[in-house]
Amino acid sequence: MTQTPAQILAQQPPAAIADRLLEWFDQHGRHDLPWQHPRTAYRVWVAEIMLQQTQVTTVIDYFNAFMARFPDVATLAAADNDTVMAYWAGLGYYARARNLHAAACTVVHEHEGAFPRSVDGLMALPGIGRSTAGAIVAQAFGIWAPILDGNAKRVIARLAGVTATPGTSAYENSLWPLAERYTPATRVTDYTQAIMDLGATLCTRRRPRCGGCPLADGCLAREAGIQDAIPAPRKKKTRPERTTTMLVVEDGAGRLLLEKRPPSGIWGGLWSLPELSADHDLASFCRERLGLEMQSQTRLAPISHGFTHFVLHIHAYRVQGRGMTRIMDANLAWFAPDARPGVPAVIARLLDTPQSDLNL
DNA sequence: AAGTCGGGGGA
DNA sequence: TCCCCAGACTT
């Protein structure tokens, strides 16, 4: 029989949970993450956006480079979008970068450069949902707010024995009230970091190390021996496959022709190789879209790239031709090798693998 | 409520 | 190879 949050909390007094977690955090938590020193609202915000669906170890280098180039919100707001996107290239989920830039402009021009200090105020900015808003409020301002990121979800679901399937409304709706009740009135900054650290280091997705966990005593999942079954695995889905064609076009000076992708969709707003649908004719595309009379084509080794919801097979051709000086619109441009903007990581690998040509 | 957005890392 | 990760947004 499913227990209500009130019944669960009756067995697990929130204050006892928070105290044990904070005691563990003081000794074993992560205290040297870049965004913790100094812990400004701007730095916490940028870090939280980068950390959405992205692991800490991946984010750190991007965060440091980003801060060196955009040290404050005014600098970020004043930058052009291409520069911001270039610093995001390789991190994925490029809508995050677009939203980040838009939010910076809003903060500068509508909030006099100061971040909102409430969950609702932050959620009004693009790219900030309830969990990220809670994390910023708690970490940047020390104001009470619950979070419910992937780590907190896993810790709380095990602690309270929530067996609902992740991704469902029932799962989210059962966890938020618990997240609120466990969050203490004091040391909210440390508590927020602590529950994420516990999830990242001990209460991991697979093989949780319950032996060293400060919350093992009273953890309903552990007591029932079902900590490995929470959270329930997501149902696996067969990803459909798509095929596309991309062109590597270089001029006599070694410059590369790139196309800025539409704001929405895959790699939105990022510069990438010119792309044509699989059934489109190569020569006519070159002539009509690129202003290029194709003289030769070399097929490169095909690449398969897995996205969240489909697999993309990329057929790339190295194309040579004449009349390449005429650029058809602002979304096409030539780039010298040392001035190449950020491109998707899979495209960067393709371009940096010169031995990929196939002889036809 | 379900689908749409990448890329890296671990097992 | 498969699955997950400091989720938010759209429909």
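Note that this is a predicted model, so its numbers are computed, not measured. Order of the sequence lines sets the chain letters (A, B, ...), proteins ahead of strands, with each chain counted from 1.
With hydrogens and angles disregarded, a donor-acceptor distance shorter than 3.5 Å links the side chain of A:T189 to the backbone of A:A138. In this structure, the side chain of A:T132 does not engage the main chain of A:I128 through any donor-acceptor pair within 3.5 Å. Proximity of a side-chain donor or acceptor of A:R239 to a complementary backbone N or O of A:V311 within less than 3.5 Å is not detected. A donor-acceptor pair is defined here as one N or O able to donate and one able to accept, closer than 3.5 Å; such a pair exists between the side chain of A:R205 and the backbone of A:P231.
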Would you write the dot-bracket representation of DNA chain C, where each base gets (, ), [, ], | or . depending on whether it forms a Watson-Crick or G-U pair under 3.5 Å and with which partner?
|||||.|||||
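C:dC9 and B:dG8: their C1' atoms are spaced 23 Å apart (whole Å). Taking the P atom of each, B:dG9 and C:dA8 are spaced 23 Å apart, rounded to whole Å.
Crowding of A:Q295 atom CD: a count of heavy atoms from other residues, nucleotides or ligands under 6.0 Å exceeding 12.
A:R130 is linked by a salt bridge (charged side-chain N to carboxylate O under 4.0 Å, His left out) to A:E180, counting only residues two or more places apart in sequence or in another chain. Residues forming a ring-ring contact (aromatic ring centres under 6.0 Å, His included) with A:F115 (at least two apart in sequence, or on another chain): A:W45. Contacts of A:R340 classified as salt bridge (charged side-chain N to carboxylate O under 4.0 Å, His left out), with partners at least two apart in sequence or in another chain: A:D352. Partners of A:D82 by salt bridge (charged side-chain N to carboxylate O under 4.0 Å, His left out), not counting sequence neighbours, listed by chain and number: A:K260.
For the contact set between residues 131-147 of chain A and DNA chain C, defined by any heavy atom under 4.0 Å, the members are A:S131, A:T132. Within residues 186-205 of chain A, the residues that place at least one heavy atom under 4.0 Å from DNA chain C are, in residue-number order, A:Q193, A:M196, A:R205. Looking at residues 82-90 of chain A, you'll see A:G90 sit with a heavy atom under 4.0 Å from some atom of DNA chain B.
Using a 4.0 Å heavy-atom criterion, one finds that A:I49 contacts no nucleic acid atom at all. Among the heavy atoms of the strands lying under 4.0 Å from A:A345 are primed sugar atoms or P, OP1, OP2 only; no base atom is included. Residue A:F307 is classed as a sugar-phosphate contact, given heavy-atom separations below 4.0 Å to backbone atoms only. Looking at heavy-atom distances under 4.0 Å, A:L312 makes no contact with the nucleic acid at all.
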Let's go through A:R96 and A:T54 carefully: what are the C-alpha distance in whole Å and the side-chain angles of both, what is the deciding distance for side-chain hydrogen bond (donor to acceptor under 3.5 Å, both in side chains) to 0.1 Å, and is it a yes or a no?
CA-CA 12 Å; A:R96 295 184 296 173; A:T54 309; 3.2 Å; yes
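At the phosphate of B:dC5, OP1 or OP2 sits under 4.0 Å from a side-chain N or O atom of A:H309. A close approach under 4.0 Å does occur between a side-chain nitrogen or oxygen of A:Y94 and OP1 or OP2 of B:dG7. One finds no side-chain N or O of A:W267 lying less than 4.0 angstrom from the OP1 or OP2 phosphate oxygen of B:dC5. For A:R349 and B:dG8, the shortest distance from a side-chain N or O to OP1 or OP2 is below 4.0 Å. For C:dC5, one of the phosphate oxygens OP1 or OP2 lies less than 4.0 angstrom from a side-chain nitrogen or oxygen of A:R154.
If you look at A:F66 and A:F70, their ring centroids are closer than 6.0 Å.
A side-chain hydrogen bond (donor to acceptor under 3.5 Å, both in side chains) check over residues 300-309 of chain A, counting only residues at least two apart or in different chains, returns the pairs A:S304-A:H313. Applying the ring-ring contact (aromatic ring centres under 6.0 Å, His included) test to pairs two or more places apart or on separate chains, those with a residue in residues 247-274 of chain A are A:W267-A:F307, A:W271-A:F335.
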Show the distances under 3.5 angstrom between N or O atoms of the protein and N or O atoms of nucleotides 9-11 of chain C.
unit_1: C:dC9; atom_1: OP1; unit_2: A:G127; atom_2: N; d: 2.5

Between N or O atoms, less than 3.5 Å apart, protein on one side and nucleotides 9-11 of chain B on the other: list the pairs.
none

